[in-house]
Visitor: 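My structure is below; once you've seen it, I'll send some questions.
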Amino acid sequence: YHFLKLLISQHTATFTIIRFTLPYLSKQRWEEGKSSDGQKWTTLEHNGPLFPPEYEPLPNNVVFYYSGEAFKLGLASEEIATFYAKMLDHEYTTKEVFQKNFFNDWREEMTEDERKVIKKLSKCNFSELHAYFVNKAEEKKNMTKEEKQALKEDNAKLTEQYGFCFLDGHREKIGNFRVEPPGLFRGRGEHPKMGKLKKRIQPEDITINCSKGSRIPGPPQGHKWRKVQHDNTVTWLASWVENIQGHPKYIMLNPSSKLKGEKDWQKYETARNLKLRVDSIRRQYQSDWSSHEMRNRQRGVALYFIDKLALRAGNEKEDDTADTVGCCSLRVEHITLHKELDGKEWVVEFDFLGKDSIRYYNKVPVEKRVFKNLKLFMENKDPDDDLFDRINTSSDSSQMTVLLITSLSAEDMTVEEKILAYNRANRAVAILCNHQRAAPKTFEKSMQLLQEKIKKKKEQIELAKRELKEAKNAHRERPSDKSKNLVAKKEKVLKRLQEQLKKLQLQMTDKEENKVIALGTSKLNYLDPRITVAWCKKHKVPIEKIYNKTQRDKFAWAIDMTDEDFEF
DNA sequence: TAGAAGACTTGTATTTAACAGC
DNA sequence: GCTGTTAAATACAAGTCTTCTA
């Protein structure tokens, strides 16, 4: 769990981040009146998941070719072929691993006769299939307004029927009420299983969870559920096992639900409690740097990294997944020690792939004792050995914290400036947590557009200034009510233009600074929303300017309970 | 008690809806 | 009203941490 806090005092935006592991905390007696028997609900009723539509066979004029010859595929293998055909202009399909995995899985689903003929992916020609789907997408785009409206209404009906459940008597929104459709697995980074066939889920694969005595959802015609259970120690409504990694998947509630909201609240309360102990935890791990036990030294340094850099814990991973690491799973090859670098002493250079194969690159000056310890941990090891070989994320008291404070301030700000300040604080957190995104494809273009707008606005301002001057002169020469009004009017116009310019410039700054940073994750999962709500109230910033509809729903608990003098 | 299985949160990519500018 | 951009919503993979089981 990662936690952070956003403190925004008088005209000042300040974030404090706290990232730590829960076992350490849950052993403390901080539970906020949470039921100890693990009951998550008393009654639960729902309509089961919504299945994706059955496969629609291709029309006869859309032909698959093998070795240049038309080849009619059976329904099952045709469907799988369409998965690949749809992805043809995606980078994935150029990757060897993807192709290999796809082709292996595809062949497994083929009939004997198909398998006899289709032996090489390179001889397969999906282009007609691809074109067919491109065309279909185009047609969908060109549908009339009425058709689109009808489609929308159909969708709304389904959401109405399947998108809600009753939990303890309250009607709650479900997060993902659709069963995932079949397709090709798209792992992130260099995932060894990319391209494998994600099979169609049948009702017979699905476990339903609801309360005893509730109306049990009916399986689709001619089918039955794998199992119906009544376990109120878990929060999911339905589950199945996906065939790629063999992991369970769940249908759960939307973040706007009471159940999720209370859990979220509890999370931030835990963070709040941690704040009281951060100092002592820091003293502890610093003293561990000189421990005579190697295990303690490693733990002390690992904790320091997590505290200082907001690294993830770094659990052990299964094989057959992309090679990514977190703090505890760092290997010797992921860091380089520099006694001196860029005029700084005791610098550690990090370079590794973290969650979702996002690169973490950072050069960090550290305390001398940390540096010496790292050198010790690396002695007589190969590059692919674990840096922290004596600890793992479940070793005792894995206490991990992070605290960062960035301060941004200004006096007498407009709402726009306040929002920029907020976003900057938000951004400082995202940068620390390495929440990166690829620069949007249209970034340069839209930047240029903004640039032009600003130029235009400046020209307008020049013009307005001249006109104002003229009006003033005219008024001086021949004062009248009319001329006086004109001056006032021109002043007003100029002022408004100047405000608009400022707004545009702020917008541009924000955009530029946000180029490769994703704010969403930290806003949604790390910032205590109560701090944001209090800040909005205090500074008269409408909450809608900070949180969109979804976010307001998710943080309804915070919006309801927080007044302007809330302190984290 | 360690390793596997299970449950739940976090995070990026993709899809869809809303909006601005013509 | 149309079209291209941007923001919101959704999808689902990939983490973390808990609980079960041999």
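Both backbone and side-chain heavy atoms feed into the values below; hydrogens, waters and symmetry mates do not.
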Visitor: With respect to P49(A), which candidate in N176(A), I208(A), I174(A) satisfies the side chain to side chain contact (heavy atoms under 4.5 Å, CB included) definition?
Guide: I208(A)
Visitor: Using a cut-off of 4.0 Å on non-hydrogen atoms, how would the nucleic acid contact of S239(A) be classed: base, sugar-phosphate, or nothing?
Guide: nothing
Visitor: So does Y526(A) get a side-chain nitrogen or oxygen closer than 4.0 Å to the phosphate oxygens (OP1/OP2) of dT9(B)?
Guide: no
Visitor: Could you tell me how the ring of W225(A) sits relative to the ring of F51(A): parallel (under 30°), tilted (30 to 60°) or perpendicular (over 60°)?
Guide: parallel
Visitor: Please test Y360(A) against L309(A) for side chain to side chain contact (heavy atoms under 4.5 Å, CB included), starting from the C-alpha separation and ending with a verdict.
Guide: CA-CA 11 Å; Y360(A) 183 94; L309(A) 305 171; 3.6 Å; yes
Visitor: Mind checking if T324(A) touches a base, just sugar-phosphate, or nothing, with heavy atoms under 4.0 Å?
Guide: sugar-phosphate
Visitor: Is the distance between the ring centroids of H46(A) and F177(A) under 6.0 Å?
Guide: no
Visitor: Which residue, D323(A), D385(A), D384(A), D386(A), forms the salt bridge (Lys or Arg N to Asp or Glu O under 4.0 Å) with R331(A)?
Guide: D323(A)
Visitor: Can you tell me how far C1' of dC12(C) sits from NE2 of H191(A), to the nearest Å?
Guide: 12 Å
Visitor: Quick one: do the N232(A) and T42(A) side chains pair a donor with an acceptor below 3.5 Å?
Guide: no
Visitor: At 4.0 Å (heavy atoms only), tell me whether G314(A) reaches a base, stays on the sugar-phosphate, or touches nothing.
Guide: sugar-phosphate
Visitor: Between I358(A) and D231(A), just flag the one whose closest nucleotide in DNA chain B comes earlier from the 5' side.
Guide: D231(A)
Visitor: Using a 4.0 Å heavy-atom cut-off across all strands, classify K141(A) as base, sugar-phosphate, or nothing.
Guide: nothing
Visitor: dA13(C), OP1 or OP2 - any side-chain N/O from K198(A) closer than 4.0 Å?
Guide: yes
Visitor: Take the protein atom CD of E316(A) and the nucleotide atom P of dG15(C), then report the distance between them rounded to whole Å.
Guide: 14 Å
Visitor: Would you say K317(A) places a side-chain N or O within less than 4.0 Å of OP1 or OP2 belonging to dG15(C)?
Guide: yes
Visitor: Please tell me which of the listed nucleotides, dG15(C), dT6(C), dC8(B), lies nearest to the side chain of T235(A)?
Guide: dC8(B)
Visitor: For T233(A) and N155(A), take the nucleotide of DNA chain B holding the closest heavy atom to each; which residue's nucleotide lies nearer the 5' end?
Guide: T233(A)
Visitor: If you pin M447(A) and T321(A) to their nearest nucleotides in DNA chain C, which one's is more 5'?
Guide: M447(A)
Visitor: Among the candidates dC8(B), dC17(C), dG11(B), find the nucleotide nearest to the side-chain atoms of A313(A).
Guide: dC17(C)
Visitor: Of the nucleotides dA14(C), dT16(B), dT9(B), which has the atom closest to the K140(A) side chain?
Guide: dT16(B)
Visitor: Within the side chain of S239(A), is there an N or O that forms a donor-acceptor pair under 3.5 Å with the backbone of Y250(A)?
Guide: no
Visitor: Whole angstrom is fine here: how far is it from CG in L151(A) over to C1' in dA17(B)?
Guide: 13 Å
Visitor: Quickly work out the N434(A) CG to dG15(C) P distance and round it to whole Å.
Guide: 13 Å
Visitor: Among residues 172-190 of chain A, which ones have heavy-atom contacts with DNA chain C below 4.0 Å?
Guide: R178(A), E180(A), P181(A), F185(A), R186(A), G187(A), R188(A)
Visitor: Applying side chain to side chain donor-acceptor pair (under 3.5 Å), can you list everything that pairs with Y132(A), at least two apart in sequence or on another chain?
Guide: none
Visitor: May I ask you to check whether F98(A) and H90(A) place their ring centers less than 6.0 Å from one another?
Guide: no
Visitor: Mind calculating the distance between CG (L158(A)) and C1' (dT10(C)) to the nearest angstrom?
Guide: 15 Å
Visitor: With a 4.0 Å heavy-atom cut-off, tell me which residues in residues 244-254 of chain A come close to DNA chain C, sorted by residue number.
Guide: Q245(A), K249(A)
Visitor: Would you mind classifying the nucleic acid contact of K148(A) as base, sugar-phosphate or nothing, using non-hydrogen atoms under 4.0 angstrom?
Guide: nothing
Visitor: Between atom CG in L353(A) and atom P in dA14(C), what is the gap in whole Å?
Guide: 13 Å
Visitor: Can you tell me which nucleotide in dT14(B), dT16(C), dT12(B) comes closest to the side chain of N315(A)?
Guide: dT16(C)
Visitor: Side-chain N or O of T521(A) less than 4.0 angstrom from OP1 or OP2 on dT12(B)?
Guide: yes
Visitor: Nearest-Å distance, CD1 (I201(A)) to P (dA11(C))?
Guide: 15 Å
Visitor: Is K40(A) near enough to dC8(B) that one of its side-chain N or O atoms lies under 4.0 angstrom from OP1 or OP2?
Guide: yes
Visitor: Against T324(A), only a single residue in E190(A), H191(A), K317(A), K355(A) fulfils side-chain hydrogen bond (donor to acceptor under 3.5 Å, both in side chains); can you say which?
Guide: K317(A)
Visitor: So for K267(A) and dT9(B), does any side-chain atom that can act as donor or acceptor lie under 3.5 Å from a complementary atom in the base?
Guide: no
Visitor: Under 4.0 Å between a side-chain N or O of H90(A) and OP1 or OP2 of dT14(B)?
Guide: yes
Visitor: Is it true that the NZ or CZ of K196(A) lies under 6.0 Å from the centre of F185(A)'s six-membered ring and within 45 degrees of the ring axis?
Guide: no
Visitor: Quick one: N548(A) CG to dA8(C) C1', roughly how many Å, whole number?
Guide: 6 Å
